[in-house]
Amino acid sequence: MKKGKAAILTGTFLVVALLLLGGFNLSKPRILVLHSSDRNSSTAKKMDEGIQRVLDKNRQPVSVRRHYLGIDSLPDDDHREDAGKEGQRAVWQFDPDVILAVDDEAQEYVARRYVSRARPKVVFTAIDREPQFYGYAGAANVTGIVEVLPLDAIRETLLQARKGLPARLAVISNTGTTGAGQLRQIQAFNWAPHSVVEVHTLDDFASWQAAIQGMAGKADALLVLSYDGLTVRPKTRESAAPVTVIRWIEANAQPLPIGIRVDYVEQGGGLSVAPSSRAMGEAAATTTLAWLKAKPGSPPPPIVEGSHYSVAIRDAALRARNVRLPSIYIEAARLNQLYYP
């Protein structure tokens, strides 16, 4: 009899404990981190590092789930729409209090659908288009961090690389959402004493190759914007691997190539001056937690601009072009573990 009572008490205790644990987990605010890239992207990893750094210091219990759309490497709109539907399904299943949406594609295919709803809140980060492009301006449930390309730093880097001489600047990008936003910033910027002499927006590697070969003698530097999702040739679905694109550019471009993402150098490029994904991840996570702790009905934190950037250098590639940058560039790259001999 005593054993039977003990078993009943033990069972009751376990059931109550499980119910309390389940209730505790359900009561924790839920954050869905929604990446445009896949989980192997260097940019996504650095963004996650920044987000996690803030979460590790946080004392408020939260439940965090990550979903990687992988949109920026997909070759056509049909595949991107399918990935967007998977992202919307992730939102429905997790029912987050906040979507922390990373990069422009996450906004275009998922997050913008939740503007002005009571739930979830949306915190965007690393977007290159203006917030109003996604309907975010003035929305009571949206805030975030706008990615500002470090164009002042790139302008100065060009002067250092060319020993004070102005540069004729060419620009190349795919036609995706991120590339379009980056290009708008570049075209609105005052590049003096440099000048932008040609701009190409192309979606296949063969066309990139032809455009870059045509720059010989016409441009001194080449800004390489978004290169994800390029097909090998026009009207095909076969993708060109980013590492193949980058290494071809470095081997064949006469103008000095400069990337605006650190993975341009990580995959074989010589130089990039890029927004800091880690810093934007930290800022977005800080904003998210502060908003969750605010009183119900509080207005969203203000939209801000990301101002931090990183320098990445592959010294052998620059030496092959007889480019020497001041030691402060080398040390900045070393500091962030973005220097390659």
Side-chain angles (χ1 to χ4, degrees), residues 25-74 80 82-115 117 119-129 131 134 136 139 141-147 177-178 228 261-263 275-294 300-301 303-304 306 308:
N25 286 330
L26 286 174
S27 67
K28 290 193 297 185
R30 292 187 291 278
I31 302 169
L32 177 65
V33 181
L34 185 69
H35 283 278
S36 299
S37 307
D38 64 44
R39 66 178 63 249
N40 296 317
S41 160
S42 171
T43 301
K45 289 178 180 178
K46 287 179 172 58
M47 185 72 66
D48 278 338
E49 287 174 10
I51 292 169
Q52 195 60 47
R53 184 178 296 179
V54 172
L55 293 177
D56 287 343
K57 298 176 183 177
N58 173 52
R59 295 183 178 181
Q60 177 188 10
V62 293
S63 180
V64 180
R65 184 177 295 180
R66 289 174 170 81
H67 183 86
Y68 300 85
L69 295 167
I71 284 179
D72 55 2
S73 61
L74 297 177
R80 295 179 190 119
D82 289 342
K85 290 174 184 176
E86 286 297 317
Q88 293 169 48
R89 190 173 295 114
V91 174
W92 177 78
Q93 290 174 341
F94 190 48
D95 187 25
D97 295 278
V98 178
I99 301 173
L100 199 169
V102 181
D103 286 332
D104 288 86
E105 288 77 10
Q107 322 305 323
E108 180 176 1
Y109 290 93
V110 181
R112 69 189 304 174
R113 289 167 169 77
Y114 300 95
V115 170
R117 295 192 187 186
R119 178 188 176 90
K121 296 179 172 72
V122 174
V123 175
F124 62 80
T125 188
I127 66 168
D128 291 286
R129 300 298 296 254
Y134 302 109
Y136 290 165
N141 70 323
V142 180
T143 190
I145 295 91
V146 177
E147 179 175 274
T177 303
T178 294
D228 294 304
R261 286 168 26 186
V262 295
D263 58 359
S276 172
S277 297
R278 188 179 290 110
M280 280 188 288
E282 290 181 5
T286 300
T287 297
T288 298
L289 293 176
W291 203 1
L292 286 172
K293 294 173 184 175
I303 293 173
V304 298
H308 297 278

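Note that these values count all heavy atoms, side chains included, but never hydrogens, waters or copies made by symmetry.
- For D95, the side-chain contact (heavy atoms from CB on, under 4.5 Å) test picks out R30, R119, with sequence neighbours left out.
- For R39, the CZ atom sits in a loose shell: 12 or fewer heavy atoms of surrounding residues, nucleotides or ligands are nearer than 6.0 Å.
- Between I71 and G84, the shortest heavy-atom distance links the atoms CD1-N, 4.3 Å.
- If you take CD on E282 and OG on S277, they are separated by 11.5 Å, rounding to the nearest 0.5 Å.
- You'll find the side chain of Q60 reaches within 4.5 Å of the side chain of P29, heavy atoms only.
- Nearest heavy-atom pair, A83 versus L69, reported as atom, atom and distance to 0.1 Å: O-CD2, 3.3 Å.
- Closest non-hydrogen pair, R80 versus L74, comes out as NH2-O, 2.9 Å.
- Taking each heavy atom of G87 and L34 in turn, the nearest pair found is CA-CD1, 4.4 Å.
- Between the side chain of S36 and the backbone N or O of A106 there is at least one donor-acceptor pair closer than 3.5 Å.
- Under 4.0 Å is where a charged nitrogen must lie from a carboxylate oxygen, and between E49 and K46 no such pair does.
- Side-chain atoms of D104 come within 3.5 Å of backbone atoms of R129 as a donor-acceptor pair (strictly under, hydrogens ignored).
- The minimum heavy-atom distance between S37 and Y68, with the atom names listed, is O-CB, 3.4 Å.
- At distances below 3.5 Å, at least one donor-acceptor pair connects side-chain atoms of N141 with backbone N or O atoms of Y114.
- Contact annotation: the side chain of F124 approaches that of I303 to within less than 4.5 Å [non-hydrogen atoms, C-beta and beyond].
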